[in-house]
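Start at 1 with the first residue, then count along the sequence.
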Amino acid sequence: MNYNKAEFHSCFGLLSQIPESERPEIVFSGRSNVGKSTLINKIFNRKSLARVSSVPGKTATINFYKLEEIFFVDLPGYGYAKVSKSEKQRWSSLIEGYLNADRNIELVFLLVDMRHAPSEDDLHMINFLIDSELPFVIILTKADKLNKTNRTAMMEKFKETIPCFDDIHVIPFSSQTFEGVEEVRKIIEETAQAALDEMSDVQKEE
């Protein structure tokens, strides 16, 4: 994959606006200000493909990026307190509506801040993904902010608090040291290839 060729495709503020799924989709989800935009920019080796904001809750739409035959989907950050109740409900409807829809979701990257125990919203999302049988990988962001001792302690805490933690693929990530970037890219390429091969087989049978 030539990650430099990724481009912004479209964004939607309402579930009803999103067209039917036409190609494999790889999804990024996580609480507000966890670093989704930063991760996306690092993966695609771009400074501002996804806009990074210091203001939590800035991404209030579902944003689609396109690379070759794959869509990359950036969901609104959840869990930001300083928005109206109606706005929270809209975000929730967008996120859960999208994930519950009959779409070609091949993988969800769920971002969790490595410095803190998972929030109630994080755990809700993890349980939702497990119950929905959606394949997902947890990316622990801001890994460079912790020393070795603290990282080990946090990993133990995650084992205690995150259901099925030992069965989940977990990747520590740092935008400063690039830790985790190549591992995420490898998973993307494997997932994308498997999805495209399956689509090709289905088309041949038809």
With sequence neighbours excluded, residues passing side-chain contact (heavy atoms from CB on, under 4.5 Å) with Phe165: Met155, Phe158, Lys159, Ile162, Val170
N/O donor-acceptor pair under 3.5 Å between Tyr98 side chain and Ile18 backbone: no
Close side-chain approach of Lys42 to Val184, heavy-atom, < 4.5 Å: no
Any donor-acceptor N/O pair, Arg31 side chain to Val112 backbone, under 3.5 Å: no
Glu182/Arg185 under salt bridge (Lys or Arg N to Asp or Glu O under 4.0 Å): CA gap, chis, key distance, verdict: CA-CA 5 Å; Glu182 289 305 318; Arg185 285 175 175 169; 2.7 Å; yes
Test item: Asn45 side-chain N/O and Asn4 main-chain N/O as donor-acceptor pair under 3.5 Å: no
Between OG1 on residue Thr38 and CG on residue Leu111, distance to nearest 0.5 Å: 9.5 Å
Carboxylate-amine/guanidinium contact Glu160 Lys157, below 4.0 Å: no
Heavy-atom neighbours of Glu190 CD exceed 12 at 6.0 Å: yes
Whether over 12 other heavy atoms sit under 6.0 Å from Asp102 CG: no
Atom of Ile130, atom of Pro163 and distance for their closest heavy-atom approach: CD1-O, 4.1 Å
Backbone of Val34 reached by a side-chain donor or acceptor of Thr141 within 3.5 Å: yes
Backbone N/O of Met114 and side chain of Arg151: donor-acceptor pair under 3.5 Å: no
Heavy-atom donor-acceptor pair, Ser200 side chain to Leu196 backbone, under 3.5 Å: no
Nearest heavy atoms of Ile62 and Pro76, plus distance in Å: CG1-CD, 3.7 Å
Residue pair Ile70, Glu106: steps toward the side chain to side chain contact (heavy atoms under 4.5 Å, CB included) verdict: CA-CA 10 Å; Ile70 306 295; Glu106 301 297 332; over 6 Å; no
Within the 6.0 Å centroid threshold, strictly below: Phe44 and Phe72: yes
Donor + acceptor pair across side chains of Asp122, Ser119 (<3.5 Å): yes
Validation row: Lys142, His116 side chains within 4.5 angstrom (heavy atoms): no
Check: Asn104 side chain, Glu25 main-chain N or O, donor-acceptor pair, under 3.5 Å: no
Atom of Leu14, atom of Leu94 and distance for their closest heavy-atom approach: C-CD2, 3.8 Å
Test item: Phe28 and Ser37 side chains (from C-beta on) under 4.5 Å apart, heavy atoms: no
Nearest heavy-atom neighbours spanning Met1 and Leu67: SD-CD2, 3.9 Å
